[in-house]
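Chain letters run A, B, ... following the sequence lines, proteins first and then strands; every chain starts at 1.
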Number of protein chains: 2
Amino acid sequence: MSTLTPTARVILGLVASGPRTGYDVKRIADSSTRFFWGASYGQIYPELRRLEGEGLIESSEEPRGRVRRRVYRITPAGTRAVREWLLDTETAFEIRDEGLLRLFFGDLLEPEDVLELVRRRRTWFELTAVYFREIGDELDVQDDEVLRYGIELMEWNATWFARLEKRLSQG
Amino acid sequence: MSTLTPTARVILGLVASGPRTGYDVKRIADSSTRFFWGASYGQIYPELRRLEGEGLIESSEEPRGRVRRRVYRITPAGTRAVREWLLDTETAFEIRDEGLLRLFFGDLLEPEDVLELVRRRRTWFELTAVYFREIGDELDVQDDEVLRYGIELMEWNATWFARLEKRLSQG
DNA sequence: CAATGCATGTAATAGGTTACATGATTTC
DNA sequence: GAAATCATGTAACCTATTACATGCATTG
């Protein structure tokens, strides 16, 4: 049983959700999983071939006119692999947040600079929350738990930094 | 002006906070910035030499007994570089969350499996929140905004997944 | 005297992005 | 007929982790 990379699992999951071209995978990932696990072309096309080599997906040429086009579909072995991964207990959770890093080194700055940093951060989270809401309205996916999580996480962050802002400006 | 990698900035920030050996940097990063930006030995030692080569830090041999030991200190140019970075507006924010990815592909699972997944996630966040609190108690850093953020973020997540759990089990 | 901690380092490998090249089709 | 979208791909590069090697000092 080969161990798949996280990106391979994203790709496998997307193909398991329906027949996809490499281009499809990129497009869908960019508008959904991107926020918690992205994928670039440099990964997608080689990985699709690798997954096919391992028998987890299979493909057929389905050109549109004269545009060559390869559609991938999940195999029974692929379905088993996806389910196995989804039921696995291992949990990778990682935040890479440069703003938080800056706050951590706040002692190296003047108090007013820290305040400005916090203010910018609050604004950024507010804007991102709005942006996520717009995605939901456009795609009309009110029942998407993950998108809901994203929106509420951004809102929580905006609130947290607004509170810190108040504390710092009064403190 | 060379552009520093995020890890280089973490290292630079830690050296700016006080004289450090490579070992110090690793130890401190592991107990603090690790949760939002880690650093491994494979990065630290070469990066310290690179930063010294650029004149942002300088070092001196300060052996303890017969154990060779090189202590790095920030230079004026290094101080300028750190401040410049801290005041920069660019914000890298990234979450890599496999649990969320699993939830996203929930349609590929039976509802009871999704419920179990959500339950495990809730538990994990609860435990992590407790763990973060313990770090705060041990280090006695009640005024550390970043640690506070970590604790509250874990608690918010625990609550969010508890709510989802309820929603799913009631249908 | 064993285990743990302090201390430095590197080679191999993994994982991923960026930037580019190519060309058809559809939409405005 | 220009621009956007669909579609596939790769070479070069960057960043980072893992696993290992080495050895002294301190603590129980």
**Student:** Near DNA chain D, counting only heavy atoms under 4.0 Å, which residues of residues 21-41 of chain B show up?
**Tutor:**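 B/Trp37, B/Ser40 - these, ordered by number, are the residues of the stretch whose heavy atoms sit under 4.0 Å from the strand.
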**Student:** Tell me if the centroids of the rings in B/Trp37 and A/Phe105 come within less than 6.0 Å of each other.
**Tutor:**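 No, ring centres 6.0 Å or more apart.
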**Student:** A/Ala8 or B/Val67: which one's nearest nucleotide on DNA chain C is closer to the 5' end?
**Tutor:**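 It is B/Val67, whose closest nucleotide lies nearer the 5' terminus.
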**Student:** Map B/Pro46 and B/Arg69 onto DNA chain C by nearest heavy atom, then report which one ends up closer to the 5' terminus.
**Tutor:**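 Final value for this comparison: B/Arg69.
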**Student:** Do B/Arg73 and B/Glu58 meet the salt-bridge criterion of a basic N to acidic O distance under 4.0 Å?
**Tutor:**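 Salt bridge between B/Glu58 and B/Arg73, a charged N being under 4.0 Å from a carboxylate O: no.
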**Student:** Looking at every strand, decide which applies to B/Arg49 at a 4.0 Å heavy-atom threshold: base, sugar-phosphate, or nothing.
**Tutor:**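 Here B/Arg49 touches the backbone only, sparing every base.
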**Student:** Nearest whole Å is fine: how far is C/dG16 P from B/Gln43 CD?
**Tutor:**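 Rounded to whole Å, this separation is 15 Å.
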**Student:** What integer distance in Å separates B/Arg20:CZ from C/dA7:C1'?
**Tutor:**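 Between C1' of C/dA7 and CZ of B/Arg20: 16 Å.
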**Student:** Indicate, with a heavy-atom threshold strictly under 4.0 Å, whether B/Gly42 touches base, sugar-phosphate, or nothing.
**Tutor:**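 Base, at least one base heavy atom under 4.0 Å.
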**Student:** Roughly how many Å is it from CZ in A/Arg64 to C1' in C/dA24, rounded to a whole number?
**Tutor:**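 Computing the A/Arg64:CZ to C/dA24:C1' distance gives 12 Å.
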**Student:** Using atom CZ of A/Arg9 as one end and atom C1' of C/dA14 as the other, report the distance to the nearest whole Å.
**Tutor:**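 Distance, rounded to whole Å: 14 Å.
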**Student:** Can you see if the side chain of B/Arg68 gets near the phosphate of C/dT8 - specifically, an N or O under 4.0 Å from OP1 or OP2?
**Tutor:**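 Answer no for this pair, as no side-chain N or O of B/Arg68 is under 4.0 Å from OP1 or OP2.
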**Student:** Taking the side chain as every heavy atom from C-beta outward, state whether B/Leu56 and B/Thr79 have any pair of such atoms under 4.5 Å apart.
**Tutor:**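 A side-chain contact under 4.5 Å is absent here.
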**Student:** On the six-membered ring of B/Tyr72, is B/Arg20 placed so that its NZ or CZ lies under 6.0 angstrom from the centre and within 45° of the ring axis?
**Tutor:**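 Not flagged: B/Arg20 not positioned over aromatic ring of B/Tyr72.
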**Student:** Look at the aromatic rings of A/Phe161 and A/Phe125 and report parallel, tilted or perpendicular, splitting at 30° and 60°.
**Tutor:**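 Because their plane-to-plane angle is under 30°, the rings of A/Phe161 and A/Phe125 count as parallel.
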**Student:** So, the side chain of B/Thr75 versus the backbone of B/Gly55: is there a donor-acceptor pair under 3.5 Å, distance only?
**Tutor:**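 Yes.
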**Student:** Would you kindly give the CZ-to-C1' distance between A/Arg96 and C/dT17, to the nearest whole Å?
**Tutor:**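 So the CZ-C1' distance, A/Arg96 to C/dT17, works out to 15 Å.
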**Student:** Could you name each residue pair satisfying salt bridge (charged side-chain N to carboxylate O under 4.0 Å, His left out) that touches residues 155-164 of chain B, not counting sequence neighbours?
**Tutor:**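 Qualifying pairs, neighbours excluded: A/Glu152-B/Arg163, B/Arg133-B/Glu155.
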**Student:** Measure up the B/Tyr23 and B/Tyr41 rings against each other and bin them: parallel (under 30°), tilted (30 to 60°), perpendicular (over 60°).
**Tutor:**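 Plane angle under 30°, so parallel.
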**Student:** In this structure, how many angstroms lie between the P atom of C/dT18 and the OH atom of A/Tyr45, rounded?
**Tutor:**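 Checked: the OH to P distance equals 17 Å.
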**Student:** Taking any atom closer than 4.0 angstrom to a non-hydrogen atom of chain B, what span of DNA chain D does the protein reach, first nucleotide to last?
**Tutor:**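 Nucleotide range in contact with chain B: D/dT15 to D/dA25.
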**Student:** Kindly indicate whether the side chain of A/Val82, heavy atoms from C-beta on, has any atom under 4.5 Å from the side chain of A/Val15.
**Tutor:**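 When only atoms from C-beta onward are counted, A/Val15 and A/Val82 do not touch, as no gap falls below 4.5 Å.
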